[in-house]
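Have a look at the structure below, then the notes.
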Amino acid sequence: MKGRSALAGLVVVLVACLGACSGSGGGQDHGGAKGPGKSGSYAQEQQNPDLVRGLYDADRHLPRKTARGTRPHMVKSCSPATRKVKHTSRRSSGKRKTTRTWYTTDHYNKCRKVRKGSESYTRVVRPERWCVRLDDVNGKSAVDDRWFRVSPATYSEVHGQAEHARVKFEPRGTGC
């Protein structure tokens with residue numbers, strides 16, 4: 001009976017921990033408006049501090065830049081080989097203990113990579129990038145002409161908008 005009560009107590013603690021970690025219940029509101037006069041997009045901005053707002057200034061698409069390179073061509077070369085394997089057996093009867101040792105030869109293929117000529121390949125010098133330049137970043141009029149790297153989807157949304165249109169997005173990085 002003692003084991004069952006301990007198990008029941010453990011189950012209660014486990015259920016309480018899982019309920020606290022899931023964040024469900026408890027009257028908490030995890031979406032929608034956060035108070036009087038506050039819209040859902042404002043709440044989303046508060047939850048995502050990486051979101052950048054500003055006035056659209058320009059965009060730039062940098063294609064992937066590649067170069068031809070050469071490297072050694074490595075091939076697998078195998079040759080037959082042998083190794084000596086030690087075997088032992090022990091016997092005992094009463095106080096007498098005897099050990100018998102014998103050796104066998106194990107045959108196997110020894111493989112290694114060797115250079116055989118060279119091969120050419122395409123080396124990526126610069127990955128493809130999509131960038132957007134903003135003025136008045138996060139409402140600060142002193143912060144102008146800042147470049148941000150963005151996803152292709154964000155770039156296609158922003159591309160072609162009127163100059164100084166209000167935009168907001170989550171950048172992948174700064175600079176271009």
Side-chain angles (χ1 to χ4, degrees), residues 6-78 110-176:
L7 183 62
L10 181 64
V11 169
V12 169
V13 170
L14 183 63
V15 168
C17 288
L18 288 174
C21 291
S22 70
S24 62
Q28 296 175 352
D29 183 20
H30 292 287
K34 292 291 181 190
K38 298 195 176 167
S39 67
S41 63
Y42 175 78
Q44 186 180 8
E45 286 180 30
Q46 296 295 45
Q47 289 174 356
N48 189 357
D50 297 333
L51 208 64
V52 173
R53 294 178 285 118
L55 302 177
Y56 169 75
D57 190 27
D59 55 41
R60 181 183 296 167
H61 173 243
L62 297 171
R64 184 175 80 148
K65 189 174 184 181
T66 60
R68 300 291 292 166
T70 57
R71 60 184 170 211
H73 181 66
M74 306 299 279
V75 295
K76 188 175 178 182
S77 173
C78 297
K110 184 177 185 178
C111 297
R112 58 193 174 101
K113 291 197 171 206
V114 294
R115 180 178 177 168
K116 188 170 185 179
S118 61
E119 63 183 4
S120 60
Y121 70 103
T122 302
R123 183 170 48 96
V124 177
V125 176
R126 179 189 65 213
E128 189 172 18
R129 288 190 211 149
W130 295 270
C131 303
V132 174
R133 187 170 68 191
L134 295 182
D135 288 338
D136 296 347
V137 177
N138 291 332
K140 297 176 184 170
S141 59
V143 184
D144 287 339
D145 297 329
R146 291 288 165 96
W147 284 100
F148 295 97
R149 282 196 307 274
V150 296
S151 67
T154 303
Y155 178 84
S156 64
E157 286 175 19
V158 174
H159 181 70
Q161 287 195 7
E163 193 170 332
H164 293 291
R166 294 194 177 280
V167 294
K168 61 182 170 185
F169 53 83
E170 186 175 344
R172 287 187 169 175
T174 57
C176 193

Exercise. Start with the C-alpha distance between K113 and V75, add both sets of side-chain angles, then the distance that settles side-chain contact (heavy atoms from CB on, under 4.5 Å), and finish with yes or no.
Key: CA-CA 5 Å; K113 291 197 171 206; V75 295; over 6 Å; no
Quiz item: At what distance, to the nearest 0.5 angstrom, does CZ of R166 lie from CD of Q161?
Solution: 12.5 Å
Quiz item: Is the backbone N or O of F169 less than 3.5 Å from a side-chain atom of R53, with the two atoms forming a donor-acceptor pair by type?
Solution: no
Self-check item: Ring-face cation of R60 near W130 (centre distance under 6.0 Å, axis angle within 45°)
Solution: no
Exercise. Would you check, one step at a time, whether the test side-chain contact (heavy atoms from CB on, under 4.5 Å) holds for V124 with R64?
Key: CA-CA 7 Å; V124 177; R64 184 175 80 148; 3.8 Å; yes
Quiz item: Are any side-chain N or O atoms of D57 and backbone N or O atoms of D145, one a donor and one an acceptor, separated by less than 3.5 Å?
Solution: no
Quiz item: Heavy-atom distance under 4.5 Å between the side chains of D59 and R133, does that happen here?
Solution: no
Exercise. Begin with the C-alpha distance, continue with both residues' side-chain angles, and end with the deciding distance and a verdict on side-chain contact (heavy atoms from CB on, under 4.5 Å) for C78 and K110.
Key: CA-CA 5 Å; C78 297; K110 184 177 185 178; over 6 Å; no
Quiz prompt | Interatomic spacing from NE2 in H61 to SG in C176 - rounded to 0.5 Å | solution = 10.0 Å
Exercise. Could you go through the side-chain contact (heavy atoms from CB on, under 4.5 Å) check for F148 and V52 one step at a time?
Key: CA-CA 9 Å; F148 295 97; V52 173; 3.9 Å; yes
Practice problem: Side-chain contact test, heavy atoms from C-beta onward, threshold under 4.5 Å: evaluate it for P72 versus R115 and give yes or no. | Solution: yes
Quiz item: Does the side chain of V143 reach to within under 4.5 Å of the side chain of N138, using non-hydrogen atoms?
Solution: no
Quiz item: Closest heavy-atom contact between G175 and C131?
Solution: O-SG, 4.4 Å
Quiz item: Mind checking what makes ring-ring contact (aromatic ring centres under 6.0 Å, His included) contact with H159, not counting sequence neighbours?
Solution: Y155
Quiz prompt | Summary of salt bridge (Lys or Arg N to Asp or Glu O under 4.0 Å) pairs that have at least one residue in residues 146-161, sequence neighbours excluded | solution = none
Self-check item: Close side-chain approach of T66 to R123, heavy-atom, < 4.5 Å
Solution: no
Exercise. Find the distance between NE2 (H164) and CG (L134) and round it off to the nearest 0.5 Å.
Key: 11.0 Å
Quiz item: Is there side-chain contact between D144 and D136, with at least one heavy-atom pair below 4.5 Å?
Solution: yes
Quiz prompt | Any pair counted as salt bridge (Lys or Arg N to Asp or Glu O under 4.0 Å), so long as it reaches residues 67-77, sequence neighbours left out | solution = R71-E119
Self-check item: V132 side chain near Y56 side chain, heavy-atom distance below 4.5 Å
Solution: yes
